[in-house]
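Naming: A, B, ... by sequence-line order, numbering from 1 per chain.
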There are 2 protein chains.
Amino acid sequence: MIFKEFGLTEQQWRVLRVLWEHKNVPFHELVGMTLIPAPSLVGVIDRLSRNGLVARRRSKSDRRQVSVYATEMGCDLEEKVRPRVEQAYAELRTAIDTTKWQQLIDGLEQLTQVGIDRPETAKVVRQQHQQHEGA
Amino acid sequence: MIFKEFGLTEQQWRVLRVLWEHKNVPFHELVGMTLIPAPSLVGVIDRLSRNGLVARRRSKSDRRQVSVYATEMGCDLEEKVRPRVEQAYAELRTAIDTTKWQQLIDGLEQLTQVGIDRPETAKVVRQQHQQHEGA
DNA sequence: TATTAATAATTCACATATTAATTAAAGTGA
DNA sequence: TCACTTTAATTAATATGTGAATTATTAATA
C-alpha cells in the first residue's frame, strides 16, 4: 500500500491518480472514474484540498458544476511517488514467475476489453503492460 | 435485505443471529463469530442495547471479560423475523430452477464440509437444506 | 415572465472500519 | 507485597459509506 507512505488514504490515492492523468475533471465524472459515491467524494476532496493537493473550480457556463484539479503541490507529489510505484511494480514482477506474469497481464487485457465503461482502468493496465515488455 | 424491514443494520443482524443461537456469548468470541472488529462491535452492541435488544454482563471470575446476550425483547424479535426469513427463502426457492437449486445446495454442502472453523454457517445451511427437501 | 420542475453539489445523521491510546483487572516475579 | 507486564474491553480520532434533505442554479412551461 504505497499511498500510506505518503499519508494518503486509498480513496485519496484514487482521486489523485485520476487527476495526475487528467487536469480539471468535472465532479460527476470523478464520481464515475473513482467509483466513490458523491457524498463521500465531497469529503475526500475537502481533505485533499485542505492539504493543498487539489482544488475546486466552478464552471462558468453552469455554475452548479464543479471540477477538480491537482495543484502544483499535488502534481509535484506524483514525481515523488513514481519511483516508489516503479519499485513496487518491479518487486511484484520478480516475485512472480515470468510466465505467470504474462498470463496475468493477458487475462487483465481481456477483462479490460470488456469493461468499456471504465476506460481509465483499461488505460492504466495497458500502460503498465507495455512498461513490462520494455524492461 | 430482510433486516432493513426491522430497522436493523447488517452488523446488528449478524450479532443478533449469533445471539439467537447461543445465549451469553463472550465478547471476544462474538468478534470471531461475526467477523466484526472489536472497536466496531462495541458500538454495534451499544446501539443494540440502547434499543433494548441485547445486554452486557461481566464475568465474575474475570471482571475484564464481558459477555452479551439477547434480552427478552431481542428473543421475541426472532419470532417476528422467522416468517419473513422463511418467506424470502421460499421466494428464492421458486425463483431458481429446482435442479439448479439442488446443485447450489450440494455445492454449499461441500464447501461447508471444508469450513470446519465456522460451524454456524454449516449448521444453518444444513437446516435450510432439510426444510427444502421436506417441502 | 412568474412558477415550477429538474440538476449538481453539498450537507446531515447515522453506522462502520482502522489505528492508536486508554482503563481496569489479572497475572508475575523479586 | 510492590512494581511490571499482559490482557480485555473500551475510547478517541479520522475517514468513509448510505440515504435523505438542502441549496444554488438552470431549464421548462403555462
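In this structure, the CZ atom of B/R14 is 17 Å from the P atom of C/dA15, given to the nearest Å. Between the CD1 atom of A/I45 and the C1' atom of C/dA9 there is a distance of 10 Å, rounded to whole Å. Summarising the geometry, the separation between CD on B/Q65 and C1' on C/dT23 is reported as 16 Å, rounded to the nearest angstrom. A straight line from CD1 of B/I36 to P of C/dT16 spans 7 Å, rounded to a whole angstrom. Computed from coordinates, the B/L53 CG to C/dA15 P distance equals 13 Å when rounded to whole Å. For the pair B/Q12 CD and C/dC14 P, the interatomic distance rounds to 13 Å; values are reported in whole Å. Rounded to whole angstrom, the span from the CG atom of A/D46 across to the P atom of C/dA9 amounts to 14 Å.
Residue contacts shown for A/T9 are limited to sugar-phosphate atoms, with no base heavy atom under 4.0 Å away.
Side-chain atoms of A/R57 do not come within 3.5 Å of backbone N or O of A/S67 as any donor-acceptor pair. A donor-acceptor contact shorter than 3.5 Å links the side chain of A/Q12 to the backbone of A/T9. At distances below 3.5 Å, at least one donor-acceptor pair connects side-chain atoms of B/T71 with backbone N or O atoms of B/G52.
At a threshold of 4.5 Å between non-hydrogen side-chain atoms, the residues A/L53 and A/V15 do not count as touching. In this structure the side chain of A/R14 reaches within 4.5 angstrom of the side chain of A/L35, judged on heavy atoms. Annotation: side chain of B/L77 is in contact with side chain of B/L8 (closest heavy-atom distance under 4.5 Å).
By the 30° and 60° cut-offs, the orientation of the rings of A/W13 relative to A/F3 is tilted.
Along DNA chain D, read 5' to 3', the first and last nucleotides having any atom under 4.0 Å from a heavy atom of chain A are D/dA15 to D/dT26.
Heavy-atom distances under 4.0 Å link DNA chain C to B/S61, B/D62, B/R63, B/R64 of residues 56-64 of chain B, given in residue order.
Pairing for D/dA30 is with C/dT1, a Watson-Crick or G-U wobble pair whose two hydrogen-bonding atom distances lie under 3.5 Å.
Residue whose closest nucleotide on DNA chain D sits further toward the 5' end, between B/F27 and A/S40: B/F27.
One finds the SG atom of B/C75 at 10.5 Å from the OH atom of B/Y69 (value rounded to the nearest 0.5 Å). Note that CD of B/E10 and OG1 of B/T34 are 11.0 Å apart. Values are rounded to the nearest 0.5 Å.
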